[in-house]
There are 2 protein chains.
Amino acid sequence: MLKKTERLSLVEQVVIQIEHLIESSHWQIGDQLPAEMQLMKEFDVSRNTLREAIRALVHAGLLETKQGSGTVVKSSSAFGVALHRQVEKSSVMETLEVRLALEREAAQLAAIRRNDLDLEAMTESIQLCKLASEKGDVQEFLQADIIFHKAMVKASHNKMLERLYEHITEPLQSSIEEIMVAGAYFNYSEEIHYELLEAIKQQDVHAAISYVNQYINDFREKIKRIQED
Amino acid sequence: MLKKTERLSLVEQVVIQIEHLIESSHWQIGDQLPAEMQLMKEFDVSRNTLREAIRALVHAGLLETKQGSGTVVKSSSAFGVALHRQVEKSSVMETLEVRLALEREAAQLAAIRRNDLDLEAMTESIQLCKLASEKGDVQEFLQADIIFHKAMVKASHNKMLERLYEHITEPLQSSIEEIMVAGAYFNYSEEIHYELLEAIKQQDVHAAISYVNQYINDFREKIKRIQED
DNA sequence: CTAAGTCCAATCATCCTACAACTTTTCAAA
DNA sequence: TTTGAAAAGTTGTAGGATGATTGGACTTAG
C-alpha cells in the first residue's frame, strides 16, 4: 500500500483548526467568534475560504451565524448534534428502547469493571436524588437521576457507550421532564438505586441487569399511561 | 409564544435541495454532480453561495470534490458518516460491546414483535450462511451472516435501533473480515442461528437473549485470542 | 499499430472587490 | 427618560479573475 497523496485544502485546514479550538474549550459554548475580517487575518486566508469553513461547521451544528450580529459556538460535538437530529426524527418510545439497550449493557460492564472512584460517584449522586426527592423538586430530582445513570455508564469504562448514552439521553431529557411534570405524581423510592448500586458493588451481573430492567420497565409503563391520557 | 422569524439563508436552501436529491436517489452514490457553473444556473445562486453549500455537504461526508475532476456523491446518510467516524475513533472491542447491547435489545424486541415476513427473511439468510459455509467461502459467509443479523434487527421494528446497528456494523465489517481471515480457522455451526430463529419464532424472549449472549461471547473470545497472537 | 509524451479544455481552489441585509450601538431630540 | 434616526459593525450574496489539478485528445517516435 502506497502513501495516499492527499493534501488538505485550505478550507479543511481552517475547519480542523476551528474544531480544535472548540474541542479544547478555547472557544466555549455560547462564546462569540471574532468577526470574519479578523479571522481572515488570523488564519491568513481569504474571506471565501474562511466562510466555507465556517459554513461547514454551521451545517455540522457546531456554530451558528446570525447576519448582522456574529457567529457563536453552539455545540462542541458534531457527533452529538448528528445523534440529536436522529433522535428528533424518532419517537420517544423508540429512543427509550435504545437507551435501555445501552443502559443494560452498561450495568453489566459496570458490575465487572467498576472501581472505587466509580462507586463513590454513584453513591454521591444517589444522595443528590434523595435530597431533591425530600424537597419535592421534580426538576432537580431528574437532574440528579441523570447524574446517577451517567455515573453508572461511566463505570462501564467504554467511552463509545458513554458518548452514545449521553447524546441519546440529552434530547430525551426535555421530553421526560414534560411527561413527569404533566404526570403530576412523583413517588420516588430510593431503594432501586441502592439495590442497583449494591449489585454493581458486589459485581453481581445478573442482579444489576435485573434492576435495570425493572427500573426501565416501570418508567416505560409510566410513560405509556401518561401518553394514553 | 410568537412565531419565530427564521428565514433560511440561500446556502441552507441549496444544501437542503441537494440533500433531498441525494436522499431521493436522484443523485446516487458514485454519481458525478454537474459542474459548478451549471449548478449555479440551476439553483440560480452565485458561485460563492453554491460553493458554501457544497462545502457543507463535503464536510458532512455526503459529497467529495476533487480539483480538476469534479464532485461525486459519496454517501447518502450524514448520520452514517458521523457514526462511522465515531467508530473509527474507538477500539474494536468497545464497538463490539455496543453492538452486543443493540443486538441483545433487538433480539428481545424481535421475539415480541416479529411477523411472518421477518421470519421468512431470517430463514432465507440462514440458507445463505449454510451455502457459503459449505463452499468454504469466508467472505461470502460473513456477508450472509450480516444479512441474518440485520434481518433480526429489522424484526425489532425499531427504526432507530436499525439505523444505529447498521452504521455501527458497517465499519466493523472490515475489521472483522481481517480478523477472521487472519484467524484462518472457520468452524461454523449453523445451530446457533437456527436456535435463535426458533426462539424468536416461539416468542421466547429469554432464550433469544441467551443465544445472542452465547453467540457474541464466542465471537469476543475468538477475537481476543487472535489479537493476543 | 502501439506507446509515450505533450497540449488543451474542463473543473475545482483561492482570492479580490463590491454591495445588500441585518443588528447593535450611539446620540440627539422630544 | 423615552423615542427614533443615524452610524458603525457584521454576515449574506454576487461576480470576476487567476492558479492548480485532472482527464482526455492529440501528436509523435518506435
Side-chain angles (χ1 to χ4, degrees), chain A residues 2-19 21-22 27-75 81, chain B residues 2-19 21-22 27-75 81:
Chain A
L2 296 179
K3 65 178 177 181
K4 34 183 165 182
T5 62
E6 266 183 39
R7 286 172 36 209
L8 284 180
S9 69
L10 276 184
V11 175
E12 209 56 37
Q13 289 181 44
V14 174
V15 165
I16 289 173
Q17 286 192 69
I18 295 179
E19 276 176 340
L21 286 170
I22 294 176
W27 289 336
Q28 301 194 350
I29 293 179
D31 282 2
Q32 180 133 7
L33 265 62
E36 288 178 350
M37 207 60 89
Q38 188 173 340
L39 288 177
M40 283 169 59
K41 292 174 190 163
E42 292 187 12
F43 290 122
D44 193 29
V45 295
S46 75
R47 183 152 180 242
N48 284 353
T49 302
L50 175 70
R51 280 184 58 81
E52 283 184 23
I54 289 178
R55 181 65 59 190
L57 292 173
V58 167
H59 187 254
L62 290 193
L63 299 179
E64 190 174 48
T65 59
K66 227 168 53 177
Q67 187 177 177
S69 174
T71 305
V72 299
V73 180
K74 205 184 174 190
S75 168
V81 174
Chain B
L2 296 179
K3 66 177 177 181
K4 37 182 165 181
T5 62
E6 266 182 39
R7 285 173 35 210
L8 283 180
S9 69
L10 277 183
V11 175
E12 208 55 37
Q13 288 180 43
V14 174
V15 166
I16 289 173
Q17 285 191 70
I18 295 179
E19 276 177 340
L21 287 169
I22 294 176
W27 289 338
Q28 300 193 351
I29 293 180
D31 281 3
Q32 179 133 8
L33 266 62
E36 287 179 350
M37 205 59 91
Q38 187 172 342
L39 287 177
M40 283 168 60
K41 292 174 190 163
E42 292 188 12
F43 289 121
D44 191 30
V45 294
S46 76
R47 184 185 197 83
N48 286 344
T49 302
L50 176 71
R51 280 185 59 81
E52 284 184 23
I54 288 178
R55 179 65 61 188
L57 292 173
V58 167
H59 187 253
L62 291 193
L63 300 179
E64 191 175 47
T65 59
K66 222 166 57 174
Q67 189 177 175
S69 173
T71 306
V72 299
V73 181
K74 205 183 175 191
S75 168
V81 174

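Per chain, numbering begins at 1; letters A, B, ... match sequence-line order. Worth saying up front: this structure is predicted, and the values here are computed from it rather than measured.
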Checklist entry - How does protein contact run along nucleotides 10-16 of chain C, one letter per nucleotide 5' to 3', with B for base contact, S for sugar-phosphate only, - for none, heavy atoms under 4.0 Å? => result BBBBBBB
Checklist entry - Which pairs count as salt bridge (Lys or Arg N to Asp or Glu O under 4.0 Å) when at least one residue sits in residues 60-70 of chain A, sequence neighbours excluded? => result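 As it turns out, the salt bridge (Lys or Arg N to Asp or Glu O under 4.0 Å) pairs with a partner in residues 60-70 of chain A, which skip direct neighbours, are A/Glu64-A/Lys74.
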Checklist entry - Can you name the closest pair of heavy atoms from B/Ala53 and B/Val14 and give their distance? => result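 Nearest heavy atoms, B/Ala53 then B/Val14: CB-CG1, 3.6 Å.
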Checklist entry - Looking at CD of B/Gln38 and CZ of B/Phe43, how far apart are the two atoms once the value is rounded to the nearest 0.5 Å? => result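 Rounded to the nearest 0.5 Å, the CD-CZ separation comes out at 10.5 Å.
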Checklist entry - Rounded to the nearest 0.5 Å, what separation is found between the CG atom of B/Leu21 and the CG atom of B/Asp31? => result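 Atom-to-atom, B/Leu21:CG and B/Asp31:CG are 11.0 Å apart.
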Next on the checklist: From CD1 of A/Ile54 over to C1' of D/dT10, roughly how many Å is that when rounded to an integer?
Outcome noted: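 Whole-Å distance recorded here is 11 Å.
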Item to check | Atom-pair distance (CG on A/Leu63; C1' on D/dT11), nearest Å | outcome: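 To the nearest whole Å, that distance equals 13 Å.
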Checklist entry - Quick one: does B/His59's side chain get under 4.5 Å of A/His59's, heavy atoms only? => result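 No; the side chains remain at least 4.5 Å from each other.
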